[in-house]
Amino acid sequence: MAFDPANEIQDLQYFGEFGGVNPSISDSSTYTFLSAKTMFDTFEGNTDGCYLYSRHSTPSNLYLGEALAAMEGTETANVAASGMGAITPVLLQLCKAGDHIVSSRTIYGGTYAFLKNFAPGFNITTSFVDITKLDIVEAAITDQTRVLYCETVSNPLLEVADIEALADLAKKYNLKLVVDNTFSPLSISPVKLGADVVVHSLTKFINGSSDTVGGVVCGTQEFIDALRNVNDGASMLLGPAMDSLRASSVLKNLRTLHIRMKQHSHNAMYLAKKFEADGLKTVYPGLPSHPSHEVFTKMMNTEYGYGGMLTIDVGSLEKANELMELMQERNLGYLAVSLGFYKTLFSAPGTSTSSEIPIEEQQEMGLTDGLIRFSIGLDNDIERTYQSMRNCMVYLGILEAIEETV
Ligand SMILES: *Cc1c(COP(=O)(O)O)cnc(C)c1O
């Protein structure tokens with residue numbers, strides 16, 4: 001049977017301390033040891049079944065980590081206080097002074113800023129490339145390269161990385177392939193396609209309620225142990241620990257992720273088809289017109305669809321801003337960054353989430369002024385939503401009126 005990430009989550013079984021159907025929350029920062037010897041062993045790294053201190057791990061964080069590892073098909077996982085709190089320790093664990101990273105140039109603005117502005121202070125340098133051009137990726141690899149970094153579906157341009165092909169390259173040059181799978185949970189399982197480490201911002205689809213930030217690193221036991229090592233582990237020493245109460249609430253939301261992803265994908269596909277038919281420049285991996293439509297299709301766990309993210313280009317920043325303000329006024333969603341909420345969220349990436357990227361580079365990568373990024377919500381009646389969005393576009397002269405759009 002093919003790997004099904006939702007089944008992997010479903011098949012975990014929990015018994016709380018008092019038989020609760022949810023695991024008990026461990027509301028403690030520190031843990032007692034029945035013998036002093038066990039405490040010593042735990043510091044030495046023999047932590048099996050023992051808790052030390054909550055920056056290292058907590059029962060609640062381990063439950064959530066276990067579920068996310070099951071979803072990604074990895075041996076284990078380490079949760080973090082935010083997506084960036086997962087990503088930056090991974091890169092600092094894998095790269096030391098003098099090392100080099102080859103990264104997709106279209107990545108989350110914070111990750112880009114970290115690689116471009118922060119990591120060079122530690123003499124870790126990055127070449128940013130068009131990740132869809134394998135020859136360019138390969139040409140950027142040097143003797144110092146340790147990591148190949150990409151997002152499965154990139155933010156905000158929705159470029160799709162061919163994980164299998166990149167994994168082959170990583171193997172050939174003995175690199176670690178690190179994949180940020182935030183935009184495509186369940187739809188794509190990067191480790192099953194050959195990635196070494198998968199990171200997520202839990203803030204987005206996985207938690208899905210826009211009430212917290214969170215992150216996770218999914219990987220081998222050896223790598224996660226290294227991140228948590230009390231002597232030289234980046235997660236342990238930099239300290240982006242998730243709180244146990246949050247871990248428990250994210251775990252509860254994770255259980256409906258498959259239902260939500262199907263609806264996000266269904267709604268996004270519906271709107272993408274309609275927008276494209278209306279003549280709007282629409283980017284959605286589910287559209288055959290998307291340059292990486294086939295790559296996505298080849299990699300995907302079919303039933304979860306092509307995800308909830310799409311972009312349209314309305315020509316200018318002014319028009320984009322007018323449209324977003326009008327759609328918010330008419331209660332079609334919120335003018336807000338982030339993604340994965342029950343309501344549609346929209347923003348103009350050039351002036352918001354990708355503003356860390358210099359204007360010239362934005363232009364080079366095709367991040368235009370009039371681009372609006374949508375995280376499509378869970379609307380039950382997406383046809384009604386479409387009609388209302390269309391009305392906004394007609395009102396602003398972005399689309400021409402057709403006979404009846406009430
Ligand atoms: C939001 C996001 C991040 C950062 O996550 P935080 O939880 O905000 O720290 C990283 N990668 C992608 C693709 C994101 O969308």
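Predicted model only: the values in this text are computed from it and were never measured. Note that ligands are numbered from 1 as they come in the structure, with each ligand's atoms numbered from 1 the same way.
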Hey, can you tell me if [X] and [Y] have their rings parallel, tilted or perpendicular (30° and 60° cut-offs)?
X: Y63; Y: Y14; answer: perpendicular
X: F275; Y: F374; answer: tilted
X: F341; Y: Y334; answer: tilted

Closest protein heavy atom (residue, atom, distance) for [atom]:
atom: atom 8 (O) of ligand 1; value: Y108 OH, 3.9 Å
atom: atom 13 (C) of ligand 1; value: D180 OD2, 3.4 Å
atom: atom 14 (C) of ligand 1; value: K204 NZ, 2.9 Å

So the atoms of ligand 1 within less than 4.0 Å of a heavy atom of F183 turn out to be 13 (C), 15 (O)
Which of the numbered atoms in ligand 1 are below 4.0 angstrom from a heavy atom of G214? 7 (O)
Does the gap between the ring centers of F205 and H200 come in under 6.0 Å? no
Could you see which bit of I87 sits under 4.0 Å from ligand 1, with heavy atoms only: side chain, backbone, both or neither? side chain
Salt bridge present between K273 and E276 (N-O < 4.0 angstrom): no
Pair D379 + R384: basic N to acidic O under 4.0 Å: no
Does any N/O atom on [X] come nearer than 3.5 Å to any N/O atom on ligand 1?
X: T203; result: yes
X: G83; result: yes
X: S201; result: yes
X: M84; result: yes

If only side-chain N and O atoms count, and only distance matters, is there a donor-acceptor pair under 3.5 Å linking T126 with S103? no
